[in-house]
Structure formats: C-alpha cells, structure tokens
Amino acid sequence: MTKAKTLFEKIWDAHVVKRQDGHPDALFIDRHFIHEVTSPQAFDGLRKRGIRVFNTQRTTATADHNVPTKDQHLPIKEALSRHQVETLRKNCTEFGVDLYDLGHAFQGIVHIIGPELGLTLPGMTIVCGDSHTSTHGAFGNIAFGIGTSEVEQVLATQCVLQYKPKTMKIEINGALGKGVVAKDIILYIISKLSASGATGYFVEYAGSAIERLSMEARMTICNMSIEMGARGGLIAPDETTFNYIKGRKFAPQGEAFDALVEQWKNLKTDHDSAYDLVIKFDAADIAPMITYGTNPGMGIKVTDRIPTTLELKEISEHASFTKSLEYMGLDAGSSLLGKAIDYVFIGSCTNARMEDLRLVADMVKGKKKAANVEVWVVPGSKQVEEQARKEGLDKIFEAAGFELRSPGCSACLGMNEDKVPAGKYCISTSNRNFEGRQGPKSRTFLASPLSAAAAAITGKVTDVRELL
Amino acid sequence: MKEKFITLTSTAIPLPIENIDTDQIIPARFLKATTREGFGDNLFRDWRYDVAGNPKSDFALNDTRFSGKILVAGKNFGCGSSREHAAWALYDYGFRVIISSFFADIFKNNALNNALLPIQVSDAFLQTTIQQIEKDSTTSLVVDLEKQFVQLGNQQEHFDINPYKKTCMINGYDDIDYLLDLRAEIKEFDLTH
Ligand code: SF4
C-alpha cells in the first residue's frame, strides 16, 4: 500500500521532475503568471544567456501594478510606470508570451484574471513573481509566490528549485455569525497565528465553514495565507469548484472537462495522513475584524480594544508595537469604534471580485457616503468592471457617492497614481497595512468589503452588524 | 556567476525592529527600474529620509557610529511582498550578511539567490549581538560559511544552511545552471503531463 498523503503532498510529488539528495526538488510548473514589476530582470537574464521561453503556452502576462485606474485609454502619465508596462509589452512580443494588456477585455489583477479565465485549475502547480499567488490555491492546487531569479528559472526551464515545506491544516467548523464574511475569517486566523506563525508551512483550509464558502470567498482566504508567513494555502476542490470552472474561457470543455472532473475528485487528503500541525477554530467565535497596526497580524474584533503592552505575548515585541501605534496615531488600550476615517478603498486581489462588489452594492443601495470620506471602488479585472456595469452596480455606487474606477492594483500599493495622503486613515479591503503601503505615511485599517462599506456610510470605524 | 561568499569579518549595523517587511526595505514606488542595479539608494527609504529627502539622523544607517557589511535585525525579517528588489537593495547598499532570529521564506530564498547570506541565530545571541554593537560600534563579527558559524568576541553561534545552497554560495553558482542541465528530462515531463 502507498503511504497516505495530504493533498499538498500528492500534488507536489506528482510534479517533481528530479529529486536528488541534498538538493531542493526540481518542481515542474504547470502555469506561470507574470506582471510588469517582477519580470523585466528575468527576461534580461534570458537574453544574456541567449535562451527562449521554455514553453510559452504555460505563461500568461498582464499589466496591473502600475496602471492608472482612470483614463486607461490614455498613455500612462508617470514615465517610470509607463516604461515598465512598455517593457513588459516588448518582452512578451519578443518571447511570444500572451499578454492581456491595458485595454484588453481580459486585463486585470493577475490573481483575479487567472481563475476568471479558467487558466487556474485543480491539481496544478502555479507560480508568479508575486506573493499573493496563494490566491489560486482556492482551486485545490499548489500556488506560491517567487522572486525574480525564480521567474527567470521558470521562463527558462518551466521548473523551480524548491524545498518541500511542512504542512499545516487549519480547520474551521460551524456557522458564521451575522456580518461575518471570508475576509473576517482570514483576518481572525492571522491575528491568532501572528504575521510569522505559518512560516515554513503550506496551509490546507478545511472544515464545514470553509466547505460552505463560494469560490470567490475561498480565494479571499487563500490570498492572505502569505500574511501569516505561509508559502501558500489550498482548499480541496469540490462541486463548488467544478461549477465555477465549467465553461470558463480557457478551461477544458465538454467531455474533456467531465473527464478532468473525475480526476479532480481524487484531489483530497487521505484519511490517515498526517499534517505537521493542525489548528482548529470555531466559526462562531469569529466577528467582523479590523487591523489597528502595521502588520496584518495586528488585528482585533471591531468591538475589542487595541491591546496594551502588558497584554503582548513577548517582551521583544514592545518596541515594534509602540512604533507601530505611533505610526498609526493610536493609543494602546483604546477602541477603534467611532474613529473617523478619510478614505475607503474597495479593491485588490483580496476583495475585488463580483461577489465583493455585489456585497458592497447591497449594503449601500439607497444610502449616501459620509461627507468626510472619499470612496474608491476598483474592480479586479475588466470583466468584473463590465459585469458590474451590466448589473447596474455603477448606478448604485454613483448615487452613494462612490467612484467606480477601472481595474488594477490601485491603492493596494503605492506604485500607481492612487495613493492615500500622508497621515490620512483608510479602511481598505486589501491585504497589507505596512507602513507606507498605500502611499508614504498613509495609515491603513484592513477590513472586509462589508465593514468598509459600512464605514463609508458612517464616515467612521463601524460595527457593520449595527447596519444590517 | 555570482560573487562567491566564503568568510567575512565586518562591523555591523543594528536594526532591532521586528517584522521588517519588504515594503520598508524598498517601498513600491521605487520598484520601477527594469534592471537590478541602483536599488541601494532607496533602501529603507522612508525610515532613512524625511519627506523633504533629508537623512534622519536617528536611523541606524545614518548614524555615523555604525557601519559594515552586516545588518542585525529583529525577528521575522523580510516578511510581506515577494519582491526580490529587497535583496537587491540590501546587496547594492553593501550588505553581504543579514542576521536575525527569524526570516520570512521568500526573502530567505531571494537573498540566497543573490549572494546575500541570511543567518538565523537564537533570540539570545541576537539580543547579545545588538547590545554589544550598540555599546561598542567598532565590534566586529566573523562569519564563516564553510564552518557555519558566526562569532562575536569569544561567543560562537552555529547556523544552519542547506548544503546545496551553501555550495552555490561558496562557488557563486546559480540555481538556473542546475536546472538548465535538466532540460531534456523536463521536456519529457512537459510532454507527458
Ligand atoms: S492587488 Fe495588491 S496584493 Fe494583489 S497583486 Fe496587486 S499589489 Fe499585489
């Protein structure tokens, strides 16, 4: 009998081209996504060595980090951003890689378009020079972020050299309370495990609370696996997964699809296989969450107080904790409820899919934003934008005083025109609250799209349950 | 071919902050270059300079007491974004070794792929090192990759490194050279999967 394996181990082992003592595994990569920021130096490397892309069919490119979210038909104003997008264009043409460029109907944030186009499938190995590649794991595959040297390895050989990480299972059972959504689940987990608690592990999310989630919600969870240090996160595929994939542009169709579904049904952890670590949570303990500090592990239930230094686990954390609160302009031990905010950003690869936009639209329909806030809704892809307009969400947003923009990473990171000004507070549905992440000296509160929408209406940090 | 790393004796710069993420090491707005060089100028940009672009005298890199090719930093160094630019910036600035009690995975890989040695030490050794450098900034550390230890005064701390990565660093090899040799096997795999 073969050894019982976890889902992660099954997929990993099936992709090892060469295993050699003392060496990392040469892992075959089924799907490689690239974007403009982390690929130019990799293409340069190929040029220097005089080699071509190993298999162009397995690589897909898009422009997302540098793109403006207004007037996308005009040339990018900022010279360096424009240069980076143009370099991607040039590289993709020269090396024969498919590019969903600005203006293309499939353009969008790399981790949103992969699943949307049916390029992301169960059982695959997927990499991208981007830490949130973990998003794709929601489909039951091994997906993780890599550095530019590794992007070059994949372009040149369709493999990366990797050590097999340890495995962790995070099980969440039970029913979620009112106003609690996928983003709250993952912010809750990270607040329990800390920003480094899963380093060295690949996480499998399981349990009845996870099984009931839609694909879009599962992507939100897997997306933020990296925020607790994990290489990635995955969820075993099921009917929800298969139904999502069916009929998507690049997914196998008809009989080929049915045959694959039969194979995908085997993508499950064997009963008696062992994880290196198992952690369980009760869904009923999770409430709407918000972060108060400058790493995603610094999160609390919106109704809780910010901890005091006395409540920290380790003394060595004191200096960093104090520095963080100083940056945020907040007091230890205080409550965030009622804290006035300046910006609301609904977007990013964590929360800019249709379901997120619908959730926000439902919440704000017939209401108006508070006068003190500016609200940006940035769809994750051109397809999401089109669909939102088709469903009339743009009208709802407009009536509420929200601005619906064009797709891109936008205010998730201070790389394009969308920045939160110094000292200002932003409730953001993105994944990182690091110092300066949304622009120099900007201050970020991470929360769910529902909580962000509630804050947009009231102009302050709000317990969304009071508005439901 | 990368720069080879065998031993290093150097003074060090202390940065006793935990969870230093790659957005601090090199903020996103400086990631727009399409080559690997020049990132050192913007290393720790927002901690190093004020909004007007003047150096902040209280930041360790601007503190004239401290210098050297070794950075000694708090737990969970290099978390967050996978940007390899963080490793390039540290290297370009002149660092060859980062000492911390814990490293984020992707950063560790990126560093090793760029002739920058991440050394994970115990909490106790990290604290002693930081205190010692802060007390006497001329303190030198000795790093020996072959024998896998870092030495502070008469205190020696062993560190782990994967034997393959160690060979690569000592000889200046790239992972890509290893993979390129496997191309025939990979082709075969690609066709059958
Ligand atoms: S939306 Fe944010 S986290 Fe996602 S890929 Fe873009 S910059 Fe990275």
Side-chain angles (χ1 to χ4, degrees), chain A residues 15 17-18 22-24 26 28 30 37-38 40-41 44-45 49 51 54-55 65-66 80-81 83-84 87 129-131 145-150 152-153 156-161 163 165 195-196 199-200 226 229 231 295 297 316-317 319-320 323 413-415 422 432 434-437 440-441, chain B residues 16-24 27-29 31-36 45-47 51 74-76 79-88 101-107 109-111 113-114 123 126-127 162-165 167 174-176 178-180 182-183 185-190 193:
Chain A
H15 286 84
V17 175
K18 189 157 188 93
H23 282 67
F28 187 81
D30 294 316
V37 184
T38 55
Q41 294 87 353
D44 266 353
R49 289 171 201 270
I51 45 184
F54 188 86
N55 181 349
H65 285 62
N66 279 281
L80 289 172
S81 288
H83 175 66
Q84 215 166 42
T87 304
D130 197 288
S131 53
I146 55 177
T148 298
S149 296
E150 293 165 320
E152 186 181 333
Q153 290 173 30
T157 70
Q158 207 56 44
C159 282
V160 265
L161 280 183
Y163 295 102
S196 60
T199 305
I226 182 77
R231 274 323 291 278
N295 75 57
S316 63
E317 289 175 39
S320 307
K323 181 176 183 291
L413 93 170
M415 194 160 186
R432 285 181 174 150
F434 299 146
E435 285 186 28
R437 174 77 181 182
K441 299 258 181 287
Chain B
I17 299 167
E18 297 194 346
N19 300 311
I20 296 178
D21 57 80
T22 53
D23 272 82
Q24 306 318 313
R29 61 188 193 283
L31 302 184
K32 298 181 185 186
T34 50
T35 60
R36 276 180 158 91
R45 177 73 201 203
D46 295 335
W47 287 355
V51 265
K75 192 175 99 182
N76 199 24
C79 60
S81 157
S82 60
R83 60 187 70 158
E84 193 163 316
H85 312 66
W88 300 337
S101 57
F102 200 82
F103 288 94
D105 272 340
I106 305 183
F107 175 81
N109 246 339
N110 288 341
N113 283 338
N114 287 282
D123 267 323
L126 183 73
Q127 296 314 329
N162 176 276
Y164 166 79
K165 285 290 179 192
T167 314
D174 264 339
D175 281 356
I176 201 161
Y178 176 79
L179 286 172
L180 285 170
L182 297 180
R183 265 197 294 195
E185 279 164 80
I186 302 170
K187 255 267 112 70
E188 176 70 28
F189 192 97
D190 192 3
H193 286 76

Which one of [options] has the most heavy-atom pairs closer than 4.5 Å to chain A?
options: B/N162, B/N113, B/D46; value: B/N162
options: B/C79, B/A86, B/G74, B/G80; value: B/G80
options: B/S81, B/A87, B/P163; value: B/S81

[X] portion near chain A, given a 4.5 angstrom heavy-atom threshold:
X: B/A33; result: backbone
X: B/N19; result: side chain
X: B/F102; result: side chain
X: B/I17; result: both
X: B/N110; result: side chain
X: B/N109; result: side chain
X: B/Q24; result: side chain
X: B/K75; result: side chain
X: B/D175; result: both

Looking only at heavy atoms, what is the nearest atom pair of [X] and [Y], with distance?
X: A/L413; Y: B/A28; answer: CD1-CB, 3.6 Å
X: B/F189; Y: A/H15; answer: CZ-CA, 3.7 Å
X: B/F103; Y: A/T199; answer: O-CG2, 3.7 Å

Taking side chain as everything from C-beta outward and backbone as N, CA, C, O, which of these in [X] sits under 4.5 Å from a heavy atom of chain B? Side chain, backbone, both or neither.
X: A/R432; result: side chain
X: A/T148; result: both
X: A/N66; result: side chain

Please rank [options] by heavy-atom pairs under 4.5 Å with chain B and give me the top one.
options: A/G200, A/G436, A/S196, A/S81; value: A/S196
options: A/L80, A/V17, A/L161; value: A/L161
options: A/S131, A/P24, A/P165, A/P40; value: A/S131
options: A/A195, A/G229, A/G45, A/P440; value: A/P440
options: A/A26, A/A422, A/A156; value: A/A156

Distance, nearest 0.5 Å, that separates [atom1] of [X] from [atom2] of [Y]:
X: B/L31; Y: A/H65; atom1: CG; atom2: NE2; value: 8.5 Å
X: A/E150; Y: B/I106; atom1: CD; atom2: CD1; value: 8.0 Å
X: A/F54; Y: B/I186; atom1: CZ; atom2: CD1; value: 5.5 Å
X: B/E84; Y: A/E152; atom1: CD; atom2: CD; value: 9.0 Å
X: B/S82; Y: A/I146; atom1: OG; atom2: CD1; value: 8.0 Å
X: B/D105; Y: A/R231; atom1: CG; atom2: CZ; value: 5.5 Å

Original post:
Could you walk me through whether B/I176 and A/R49 pass the side chain to side chain contact (heavy atoms under 4.5 Å, CB included) check?
Top reply: CA-CA 11 Å; B/I176 201 161; A/R49 289 171 201 270; 2.9 Å; yes

Taking the side chain as everything from C-beta on, heavy atoms only, tell me whether [X] gets closer than 4.5 Å to [Y].
X: B/H85; Y: A/Q41; answer: yes
X: A/E317; Y: B/E18; answer: yes
X: B/N76; Y: A/N295; answer: no

**OP:** Could you give me the CA-CA distance, side-chain angles and deciding distance for B/K32 and A/M415, then say whether side chain to side chain contact (heavy atoms under 4.5 Å, CB included) is met?
**Re:** CA-CA 8 Å; B/K32 298 181 185 186; A/M415 194 160 186; 3.8 Å; yes

**OP:** Mind running side-chain hydrogen bond (donor to acceptor under 3.5 Å, both in side chains) on A/E435 and B/W47 for me, showing each step along the way?
**Re:** CA-CA 10 Å; A/E435 285 186 28; B/W47 287 355; 2.8 Å; yes

**OP:** Please step through side chain to side chain contact (heavy atoms under 4.5 Å, CB included) for the pair A/V37 and B/R83, ending with a clear verdict.
**Re:** CA-CA 9 Å; A/V37 184; B/R83 60 187 70 158; over 6 Å; no

Original post:
Going through the distances and angles, do A/S149 and B/R36 end up as a side-chain hydrogen bond (donor to acceptor under 3.5 Å, both in side chains)?
Top reply: CA-CA 11 Å; A/S149 296; B/R36 276 180 158 91; 3.3 Å; yes

